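Sequence lines set the chain letters: A, B, ... in the order given, protein chains first and strands last, and positions in each chain run from 1. It should be emphasised that the depicted structure is a prediction, and the values quoted were computed from it without experimental measurement.
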Amino acid sequence: MSGKELRPKPRLARGFRDLSGADIVARYKMIDTIREVYELYGFSPLETPTVEFVEMLGKFIQETGLPEEGVFSFRADQPEWLALRYDLTAPLSRYFAMHKDLPRPFRRYQIGSAFRIEKPGPGRFREFIQFDIDTVGSASMAADAEICCALCDAFDKLRLAGMYLVRVGNRRVLNGVLETAGVDMKADDGLTATRVMRCIDKYERLGLKGVAALLKQGRKDESGDFTEGAGLTEAQTEVVTNYLTASSETRRGVCDALAAIVGDSDEGKRGVEELIEMDGFLKAAGYDESKIIFDPTIVRGLTYYTGPVFEASIVDENGGYSSSIAGGGRYDDLVERFTGQKVPATGASIGPDRLLDILKGLGKIEAAITEPVLVTQMDKEHAADYQAITFELRRAGIPAELYLGKGNIGKQLKYADQRNIPIAVIAGGDEFASGTVSVKDLRKGKEVAIEVAERSEWLKHEETQDTVPRSKLIEYIKDLLAAHSDD
RNA sequence: GCUGGCGUAGCUCAGUCCGGCUAGAGCACCUGACUGUGGAUCAGGAGGUCUCGGGUUCAAUUCCCGACGCCAGUACCA
């Protein structure tokens, strides 16, 4: 009575959400589908903890000794900073470095939440799931090609065939192009290089002109906010835009076009070579340009990529790329941080939250949850019988629930109605006297209700309920459920 | 982070410009009409520190300042 102002208001921390019922079932279904594909490719599951030392995540600022912004970090019962993982790739590197006896190459898939302190937006949260697949310890382009194929298979299995495209770029090619253009990638700690990546990453949204502006002096957007440019010269910018517009009907054609642009750069030549190799593996595996293409505008914003980079997007009806549903690439330096040894690695990450939104939007996933049969309680003295009926149904494999609240039969049926329960079992004095039970077909009742206005008339509709011998109950309900699933 | 918009019942919102009576509506919820039957209908009920804090005023949900939160755009995102 006095504690009202002490009572906390129920609320959620910014960027977090509750999920329930059908949303979760849909998620499980989607994840299962992808998992089957990954296992078919020979990847096996791995789970790592949600919490890591902030140092393991590489999100630690040397000078200040504090965690970087953007990570959820805290100190619990020890002096060292802990953090919620920021992605699944850094924990994978840690795991690989910790277990020297792992068979190499090490191939795993992992699904789990990652956490980032970022501005939440539509479909963007501070806790989100990632579904990663990686091969650690293989430098072969077959590993990269295979990752792309696995993504395609997963999307196909999710009934997205023909609606997506996996696009592949290569960091080495871009580095080569910049080298040829005379951009000093090592200058100012790679800041210029980073900026160039980020500009190109915005190509889809800003177009060639916007990217060109960003590459040079910078660009003012419509809200008046000025974004600093990468500071390239006119001539250098032209080389980059040339690179971005290199295209061809075939992957091999893109390689040829790129070869002409990278000039004498060894790094660039090697990048083109990698793409040619990938193309060979993809062809041999049977994946043509309808699924996987080469696209120079794919660079990815992250700095750690060292070779091929991938991005899977939904293709809208204008042929544009609307939403990105997976991304990844080769990162040969990530394990080196721990072991000092170069370990080549490549992988990709699907964003299940966004993918699920898309699947729902396209009606590609039915998110129905199985509601149980409800056994209602009418007479207290028959409580044991209701219990018995409920377990009888369960033992027959029929999901069933005994009504555990209080209230008369009307209230119990209302509960069933709200929960979308298909069938209610009703038994009172009449039924017990004659050794029967009544079975109410709530779904049919719902259909009938649409056309009936008068209550008296609605109660007259007797086809929604049947009284059957107790011994026939299971059989009757099974038939009824089967009839439901038919339509 | 920056710019703009918005914070009134569980939800969607009116009222606020131009300060004043008991702050409203729809949906949802609860009770009853209906005794052993969901929906619809009808009648009734409950639910609000009008985001929070300060200021102006006889008087603030309304005007002013600040904080926080939400939405949109933009930036950032190993």
Side-chain angles (χ1 to χ4, degrees), chain A residues 4-5 9-15 54 56-61 67-71 83 85-91 93 114-122 124 126 128 190 194-195 197-199 201-202 205-206 210 214 218-228 300-306 327 329 331 333-334 337 349 374 376-379 382 403 407-432 438-462 464-465 467:
Chain A
K4 193 170 179 185
E5 48 294 317
K9 284 196 184 74
R11 63 206 175 109
L12 281 172
R14 179 177 202 198
V54 87
M56 299 299 108
L57 304 178
K59 298 298 281 182
F60 202 74
I61 300 164
E68 271 181 45
E69 62 179 307
V71 296
R85 63 186 172 208
Y86 198 82
D87 63 16
L88 300 179
T89 310
S93 307
F115 302 81
R116 296 182 190 182
I117 304 178
E118 278 176 2
K119 190 188 129 176
R124 287 191 83 172
R126 263 131 86 130
F128 55 96
T194 309
R195 281 204 179 133
M197 306 293 176
R198 288 179 190 161
C199 297
D201 208 34
K202 295 185 178 64
R205 193 158 43 84
L206 301 181
L214 266 182
R219 169 180 172 276
K220 203 185 274 190
D221 63 50
E222 58 241 41
S223 72
D225 208 11
F226 184 76
T227 312
E228 206 180 332
R300 313 273 306 154
L302 309 188
T303 54
Y304 65 49
Y305 290 118
T306 55
Y331 49 99
D333 303 330
L334 229 52
R337 212 161 65 75
S349 180
L374 185 75
T376 59
Q377 306 217 56
M378 198 167 290
D379 300 327
H382 286 111
Y403 184 76
N408 58 22
I409 192 71
K411 190 167 177 191
Q412 300 187 37
L413 287 172
K414 192 169 180 172
Y415 167 82
D417 192 47
Q418 279 178 327
R419 281 208 39 199
N420 239 326
I421 276 173
I423 293 170
V425 173
I426 301 168
D430 298 348
E431 284 86 352
F432 286 113
S438 291
V439 178
K440 194 170 189 65
D441 186 341
L442 293 170
R443 204 165 296 183
K444 183 172 272 174
K446 211 165 229 174
E447 288 165 23
V448 170
I450 299 167
E451 293 138 29
V452 179
E454 279 300 309
R455 181 178 178 80
S456 53
E457 196 189 329
W458 142 257
L459 289 175
K460 264 187 254 162
H461 277 272
E462 285 179 356
T464 65
Q465 189 169 330
T467 299

Gap in Å between the two [atom1] atoms, one belonging to [N] and one to [M], rounded:
{"N": "B:G66", "M": "B:G4", "atom1": "P", "result": "12 Å"}
{"N": "B:C6", "M": "B:C52", "atom1": "C1'", "result": "16 Å"}
{"N": "B:G36", "M": "B:G48", "atom1": "C1'", "result": "40 Å"}
{"N": "B:U12", "M": "B:C70", "atom1": "C1'", "result": "15 Å"}
{"N": "B:G55", "M": "B:A14", "atom1": "C1'", "result": "28 Å"}
{"N": "B:A25", "M": "B:U49", "atom1": "C1'", "result": "22 Å"}
{"N": "B:G19", "M": "B:C63", "atom1": "C1'", "result": "8 Å"}
{"N": "B:U51", "M": "B:G15", "atom1": "P", "result": "15 Å"}

Set of residues satisfying salt bridge (Lys or Arg N to Asp or Glu O under 4.0 Å) with respect to [X], sequence neighbours excluded:
{"X": "A:Arg124", "value": "A:Glu118"}
{"X": "A:Arg116", "value": "none"}
{"X": "A:Asp379", "value": "none"}
{"X": "A:Asp417", "value": "A:Lys446"}

Using atom names, set out every protein N or O paired with an N or O of nucleotides 66-68 of chain B below 3.5 Å, distance rounded to 0.1 Å.
none

Indicate for each nucleotide in nucleotides 31-40 of chain B, in 5' to 3' sequence, whether protein heavy atoms under 4.0 Å reach the base (B), only the sugar-phosphate (S), or nothing (-). ---B-BBBBB
Set out, line by line, the N/O atom pairs under 3.5 Å between protein and nucleotides 69-71 of chain B.
residue: B:C70; atom: OP2; partner: A:Arg14; partner atom: NE; Å: 3.0

Gap between atoms CD and C1', on A:Gln418 and B:C27 respectively (whole Å):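 Going from CD in A:Gln418 over to C1' in B:C27 covers 14 Å.
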Quick one: A:Glu118 CD to B:U74 C1', roughly how many Å, whole number?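 Those two atoms, CD and C1', are 15 Å apart.
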What pairs with A:Gln412 under side-chain contact (heavy atoms from CB on, under 4.5 Å), at least two apart in sequence or on another chain?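 Checked A:Gln412 against side-chain contact (heavy atoms from CB on, under 4.5 Å); matches are A:Thr376, A:Gln377, A:Tyr403.
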With sequence neighbours excluded, residues passing side-chain contact (heavy atoms from CB on, under 4.5 Å) with A:Leu459: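 Checked A:Leu459 against side-chain contact (heavy atoms from CB on, under 4.5 Å); matches are A:Arg455.
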Extract the stems that RNA chain B is part of, considering only consecutive pairing runs of at least three Watson-Crick or G-U wobble pairs, both distances under 3.5 Å.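 Runs of three or more consecutive pairs: B:1-7 with B:68-74, B:10-13 with B:24-27, B:29-33 with B:41-45, B:51-55 with B:63-67.
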Roughly how far, to the nearest 0.5 Å, is the [atom2] atom of [Y] from the [atom1] atom of [X]?
{"X": "A:Leu442", "Y": "A:Leu413", "atom1": "CG", "atom2": "CG", "answer": "6.0 Å"}
{"X": "A:Phe115", "Y": "A:Leu57", "atom1": "CZ", "atom2": "CG", "answer": "11.5 Å"}
{"X": "A:Arg126", "Y": "A:Ile117", "atom1": "CZ", "atom2": "CD1", "answer": "6.0 Å"}
{"X": "A:Arg443", "Y": "A:Ile423", "atom1": "CZ", "atom2": "CD1", "answer": "8.0 Å"}
{"X": "A:Met197", "Y": "A:Thr303", "atom1": "CE", "atom2": "OG1", "answer": "8.5 Å"}

Determine the contact category for A:Arg300: base if any of its heavy atoms lies under 4.0 Å from a base atom, sugar-phosphate if only primed atoms, P, OP1 or OP2 are that close, otherwise nothing.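 A:Arg300: no heavy atom of the nucleic acid under 4.0 Å.
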Could you work out, with side-chain hydrogen bond (donor to acceptor under 3.5 Å, both in side chains) as the rule, every residue matching A:Thr467, not counting sequence neighbours?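 For A:Thr467 the side-chain hydrogen bond (donor to acceptor under 3.5 Å, both in side chains) partners, ignoring immediate neighbours, are A:Ser438.
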Under the 3.5 angstrom rule, does the side chain of A:Glu431 hit a backbone N or O of A:Gly428 as a donor-acceptor pair?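 Yes, the answer is positive, given that a donor and an acceptor are paired below the 3.5 Å cut-off.
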Is any side-chain N or O of A:Lys119 closer than 4.0 Å to OP1 or OP2 of B:U3?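 So the side-chain polar atoms of A:Lys119 never come under 4.0 Å of the phosphate oxygens OP1 or OP2 of B:U3.
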With A:Tyr305, which residues qualify under ring pair (Phe, Tyr, Trp, His ring centres under 6.0 Å), at least two apart?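 Ring pair (Phe, Tyr, Trp, His ring centres under 6.0 Å) list for A:Tyr305, sorted by chain: empty.
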